[in-house]
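For ligands, and for the atoms within them, numbers begin at 1 and follow the listed sequence.
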Amino acid sequence: MWVVPEGEIAGLMTPEAAFDAVEAVFAAMARGDARNFPVVREAIGHEDALYGFKGGFDGAGLTLGLKAGGYWPNNAGHGLINHQSTVFLFDPDTGRVSAAVGGNLLTALRTAAASAVSSKYLAPQGARVLGMIGAGHQSAFQMRAAVRFGAFERVIGWNPHPAMLTRLADTAAELGLPFEAVDLPRLGAEADVIISITSAFAPLLMNAHVKGPTHIAAMGTDTRGKQELDPALVARARLFTDEVAQSVGIGEFQHAAAQKTVSADDITALGQVIIGRHEGRGDAEVTIFDGTGVGLQDLAVAAAVVNLAKQQGKAIEVEI
Ligand code: NAD
């Protein structure tokens with residue numbers, strides 16, 4: 001099997017490769033060539049850790065595997081970040097394990113790629129103002145991907161903890177764009193594309209804040225109980241997601257679904273737009289992409305990185 005250490009990922013994986021891998025796997029899901037397996041996520045009763053795995057099989061890309069890991073809230077004491085994960089790939093012809101790949105940076109890159117892919121297909125014409133809600137670890141990756149694949153001229157941002165806004169200001173400066181911290185009514189009125197990436201458990205962006213045409217990539221809600229958007233905003237918008245079952249179960253749309261203002265039939269898998277079976281934004285004033293994070297995204301970027309590592313002599317071969 002091949003091992004690609006976490007420390008090698010930054011030098012191997014490009015945002016373009018992550019974007020292409022995620023776009024291709026969303027398309028494969030829509031064609032019925034690839035499917036995610038049920039997610040396992042368990043509190044293990046040790047170190048307050050949440051551990052789980054997300055797996056799947058892409059029959060088009062012939063990628064089989066899983067991402068294992070989770071959230072260890074006390075990792076600072078070990079000098080580690082709290083999210084920890086590793087991707088394991090298997091040979092779909094034989095079941096032999098074929099690769100183990102560090103999954104921490106890949107998770108950030110594939111999550112950012114998903115929102116950038118959603119903007120490619122759903123952002124209003126001429127989108128120039130990017131609105132960021134959230135200023136944690138993921139937010140910088142989200143902003144970098146949005147700017148790389150969009151045509152944004154300025155960034156505005158808000159965060160529930162204002163002290164963290166320096167991350168957004170620093171990232172915008174790195175990208176050569178002006179940044180301004182604003183309140184949510186201004187953010188909702190001025191931004192053409194909004195990315196929300198927080199750990200909120202109550203709505204932050206309200207229906208009245210958003211003046212279209214706007215595309216919202218809601219990326220923070222990946223667990224039951226989390227919430228970033230007003231369900232009335234969800235009910236007003238045209239809805240897209242990576243996987244419909246996950247969006248009403250653990251994603252942002254779980255709340256509108258619980259209130260029965262939205263059903264699974266109202267939500268379109270983004271892959272349907274990518275393969276041309278759905279028109280996308282059409283004449284909608286507001287579109288929302290609920291990025292719940294699917295295992296096939298992890299497998300797609302891991303498979304891409306294994307190929308790059310082999311080409312560049314950075315993969316380690318071990319007998320198992
Ligand atoms: P982080 O801990 O670095 O930052 C947390 C962010 O959420 C900050 O903006 C913080 O101000 C805000 N926040 C924290 N507690 C809050 C609360 N109670 N109410 C409102 N806001 C709060 O986290 P991160 O690594 O940047 O991840 C952000 C979110 O994205 C997490 O919820 C994480 O689970 C989620 N995530 C989703 C995917 C996906 O595929 N959809 C992938 C990775 C991470």
Side-chain angles (χ1 to χ4, degrees), residues 18 21-22 25-26 29 36 39 41 48-54 56 67 69-76 80-85 87 103-118 131-146 157-171 181 184 187 194-206 216-230 240-243 246-254 270 288-302:
V22 169
V25 85
F26 284 169
M29 284 162 58
N36 293 289
V39 175
R41 199 163 165 87
D48 298 325
L50 271 180
Y51 166 77
F53 29 94
K54 288 181 167 180
K67 179 170 82 169
Y71 190 74
W72 270 255
N74 309 317
N75 266 2
L80 297 168
I81 60 169
N82 293 344
H83 285 102
Q84 291 294 327
S85 62
V87 181
N104 296 349
L105 179 58
L106 282 183
T107 298
L109 292 171
R110 66 79 149 142
T111 307
S115 77
V117 171
S118 84
M132 296 291 310
I133 299 175
H137 180 73
Q138 304 288 333
S139 66
F141 293 91
Q142 289 287 331
M143 194 198 296
R144 287 190 196 109
W158 180 87
N159 193 57
H161 305 101
M164 295 173 75
L165 283 166
T166 49
R167 180 180 266 120
L168 298 183
D170 292 348
T171 309
L184 283 170
L187 190 139
I194 298 172
I195 299 174
S196 62
I197 182 81
T198 71
S199 308
F201 281 83
L204 304 171
L205 188 67
M206 305 308 289
I216 302 167
M219 306 305 294
T221 298
D222 55 1
T223 305
R224 198 173 290 276
K226 283 189 184 173
Q227 184 174 17
E228 299 185 293
L229 305 183
D230 182 357
F240 301 86
T241 187
D242 41 26
E243 192 180 270
Q246 274 198 196
S247 77
V248 292
I250 61 169
E252 188 60 43
F253 299 157
Q254 63 181 287
L270 182 59
I288 304 176
F289 171 69
D290 181 5
T292 65
V294 294
L296 284 167
Q297 272 171 273
D298 297 300
L299 305 188
V301 288

message = Please verify the inter-ring angle class for Phe289 with Phe26; under 30° counts as parallel, over 60° as perpendicular, anything in between as tilted.
response =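 It falls in the tilted class, 30° to 60°.
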
task = Check for a donor-acceptor pair, side chain of Asp290 on one end and backbone N or O of Thr241 on the other, with a separation under 3.5 Å.
result =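 It does not hold such a pair.
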
Dump the pairs for me: ligand 1 N or O, protein N or O, distance under 3.5 Å, to 0.1 Å.
residue, atom, partner, partner atom, Å
ligand 1, 3 (O), His137, N, 2.8
ligand 1, 7 (O), Ser199, N, 2.9
ligand 1, 9 (O), Ala135, N, 3.0
ligand 1, 9 (O), Asn159, OD1, 2.6
ligand 1, 11 (O), Asn159, OD1, 3.4
ligand 1, 11 (O), Asn159, ND2, 3.0
ligand 1, 11 (O), His161, ND1, 2.6
ligand 1, 26 (O), His137, N, 3.0
ligand 1, 26 (O), Gln138, N, 2.8
ligand 1, 32 (O), Thr198, O, 3.2
ligand 1, 32 (O), Ser199, OG, 3.2
ligand 1, 32 (O), Gly220, O, 3.3
ligand 1, 32 (O), Lys226, NZ, 2.7
ligand 1, 34 (O), Asp222, OD1, 3.4
ligand 1, 34 (O), Asp222, OD2, 3.0
ligand 1, 34 (O), Lys226, NZ, 2.8
ligand 1, 36 (N), Asp222, OD2, 3.4
ligand 1, 40 (O), Arg110, NH1, 2.7
ligand 1, 41 (N), Met219, O, 2.9
ligand 1, 41 (N), Gly291, O, 2.8

key: Any residue meeting side-chain contact (heavy atoms from CB on, under 4.5 Å) with Leu105, in chain and number order, not counting sequence neighbours   =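 Result, side-chain contact (heavy atoms from CB on, under 4.5 Å) vs Leu105: Glu6, Ile9, Ala10, Leu109, Phe141.
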
request  = Quick one: list whatever passes side-chain contact (heavy atoms from CB on, under 4.5 Å) with Val25, sequence neighbours left out.
outcome  =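 For Val25 the side-chain contact (heavy atoms from CB on, under 4.5 Å) partners, ignoring immediate neighbours, are Asp58, Leu296, Ala300.
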
Show the atom names and distances, to 0.1 Å, of all donor-acceptor pairs under 3.5 Å that link a side chain in residues 194-204 to residues at least two apart or in another chain.
residue, atom, partner, partner atom, Å
Ser196, OG, Glu228, OE1, 2.9
Thr198, OG1, Ala200, N, 3.2
Thr198, OG1, Glu228, OE2, 2.7

message = Does Val294 form a side-chain contact (heavy atoms from CB on, under 4.5 Å) with Met29? I'd like the steps, not just the answer.
response = CA-CA 11 Å; Val294 294; Met29 284 162 58; 4.2 Å; yes

